[in-house]
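Here it is, the structure in full.
Note that ligands are numbered from 1 as they come in the structure, with each ligand's atoms numbered from 1 the same way. All residue numbers in this chain count up from 1 along the given sequence.
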Amino acid sequence: MDTKAEFDVIVVGAGIIGSLSAWRLAQEGYRVALVDAGQPGGQASNAAAGILSPSAEVDRAGPFWELTALSLEHYDQMVEELQEESGIEVDFRRSGVLQLPTLDDPGGERLHERYRWQSALNPRIRWLSPPEVAEVEPALANWHLPAIYAPEEAQVHAPKMVQAAVRAAIWRGVQVWSGTPVEELRLRPSGQVEGVQLARGAVRAHVGVVLAAGAWTGILAHTIGLHLPVEPVRGQVLGLHHDGPFLRHIVFWGSRYLCPKPDGRLIAGATEDAVGFEGRTSLKGLWQVSQALAELGLPMDSLVFERAWAGLRPKVPDGLPVLGPVPGYPGLFVASGHHRNGILLSAITAELVIKWAAGKDLTPWAAFAPERLLTR
Ligand SMILES: Cc1cc2nc3c(=O)[nH]c(=O)nc-3n(C[C@H](O)[C@H](O)[C@H](O)COP(=O)(O)OP(=O)(O)OC[C@H]3O[C@@H](n4cnc5c(N)ncnc54)[C@H](O)[C@@H]3O)c2cc1C
């Protein structure tokens, strides 16, 4: 670790958000340090199911829909470059998403209302009658349910994405410092963000600091007197296996999902628990996920349990990501609050980070700007 080296940008946090941003910054020619308290991806990003689904995750038309849809559009080209520069395949596939009605919407009226506004914004989104569902997804033939079908929505292997981003970043010259907690952000008397304080000393950045510390972002913001209300929301998932062919598509019912992976695994998720920084699984959470699978009528006997895990999602009160520079603190860009959609939103987040570094206008993205949340 060369703390005396000259950097343009220091990225704090090597989850998917920080790693991908560091790689893209380096592609643009910036000298970058990527600093993580633990191992890259070791927190929320490695826990993610890797689903990339605006239709299942966004509840109304507006800027959040646009942000998620644009991020998914970036994926094809981004993945191609990432795989080429890292040598790591990230299992990106447009496996399609089916949304089924929830138990409290048995006739699917609410689901159909959702279909009406989503299909107006994305004509590739279709409404399937129960027989059409059975045709598209034979594993669901017995349930006679309608569905929203988003055929181009996708998934990746989230831990491989982080690994690829870090490897590509290193290949581009980024210095990656693992096991290196940032103790505080450092300010000049003018309020300009100067860099970060590590146990081994201060490190400076000429352009600024990208704060991408996931659920820990608020703690670091506090070191310069900013109240940024990022809270951890624990998500618990089950890793399952089914012998022989089963699901082809990612299936959502409400916020619950089952995601088939190319290697035959299935990820079932996920809880949303307000339990502070407790990152272990609980029996209650695993029971809740199992119960949701049972409600859907899935063949519980033939779903083999492999393992369970949890991660802490970063969330702010309005549930939207926090993306942008901080007024009064030149040189600071916050990239956090991605809650359930950090993998999906990583592509567009990295693009906004690059625009910020280049001094470009971010007002089209004002809905996500930090000032909506800040108090000093
Ligand atoms: C169970 C589960 C399933 C999910 N499924 C999906 C999904 O299918 N699709 C999707 O899009 N999203 C999903 N998500 C959400 C997604 O995982 C998160 O939104 C995303 O990982 C957030 O990324 P991040 O880089 O901001 O945070 P993290 O991955 O948590 O990374 C933050 C990093 O900051 C580091 N850090 C913290 N403090 C410091 C410090 N002081 N100094 C230096 N480094 C520090 C941490 O060590 C950590 O590595 C899921 C989340 C969970 C928990």
Is the ring pair W127/H112 parallel, tilted or perpendicular, if the boundaries are 30 and 60 degrees? perpendicular
Will you find, in the side chains of K284 and Q236, an N or O donor that is under 3.5 Å from an N or O acceptor?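 The answer is no; no qualifying pair exists.
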Heavy-atom proximity to atom 41 (N) of ligand 1, best of V182, L198, V230: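 The nearest heavy atom belongs to V182.
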Nearest-neighbour protein heavy atom for atom 5 (N) of ligand 1, which is reported as residue plus atom name and distance: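 Of the protein heavy atoms, A49 N, 3.1 Å lies nearest.
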Within a distance under 4.0 Å of any heavy atom of G342, pick out the atoms of ligand 1 and give their elements.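 Counting from 1, the qualifying ligand atoms are 10 (C), 11 (O), 12 (N), 15 (C), 16 (C), 18 (C), 19 (O), 20 (C).
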Return the closest protein heavy atom for atom 23 (O) of ligand 1 as residue, atom name and distance.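 Looking only at protein heavy atoms, the one closest to atom 23 (O) of ligand 1 is S45 OG, 3.3 Å.
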Ligand 1 contact by Y257, heavy-atom criterion under 4.0 angstrom: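 Yes, Y257 has heavy atoms under 4.0 Å from ligand 1.
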Residue I343 vicinity, atoms of ligand 1 by number, heavy atom under 4.0 Å: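 With I343 as reference, the close atoms of ligand 1 come out as 10 (C), 11 (O), 12 (N).
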Near G311, which atoms of ligand 1 are under 4.0 Å from a heavy atom of that residue?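 Listed by number with element: 53 (C).
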Note: K355-E351 ion pair, threshold 4.0 Å (strictly below):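 A salt bridge is absent here (no side-chain N lies under 4.0 Å from a carboxylate O).
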I'd like to know whether ligand 1 has A47 as a neighbour, heavy-atom separation below 4.0 Å. yes
Could you tell me if S255 and E272 have a donor-acceptor pair between their side chains, going purely by distance under 3.5 Å? no
Within the 4.0 Å heavy-atom shell around P181, which atoms of ligand 1 are there?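 Here the atoms of ligand 1 in question are 42 (N).
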If we number the atoms of ligand 1 from 1 as shown, the ones under 4.0 Å from a heavy atom of N341 are 10 (C), 11 (O), 12 (N)
Within ligand 1, which atoms have a heavy atom of H338 less than 4.0 Å away?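 Here the atoms of ligand 1 in question are 19 (O).
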So salt bridge (charged side-chain N to carboxylate O under 4.0 Å, His left out) across residues 231-251, not counting sequence neighbours, yields R234-D273
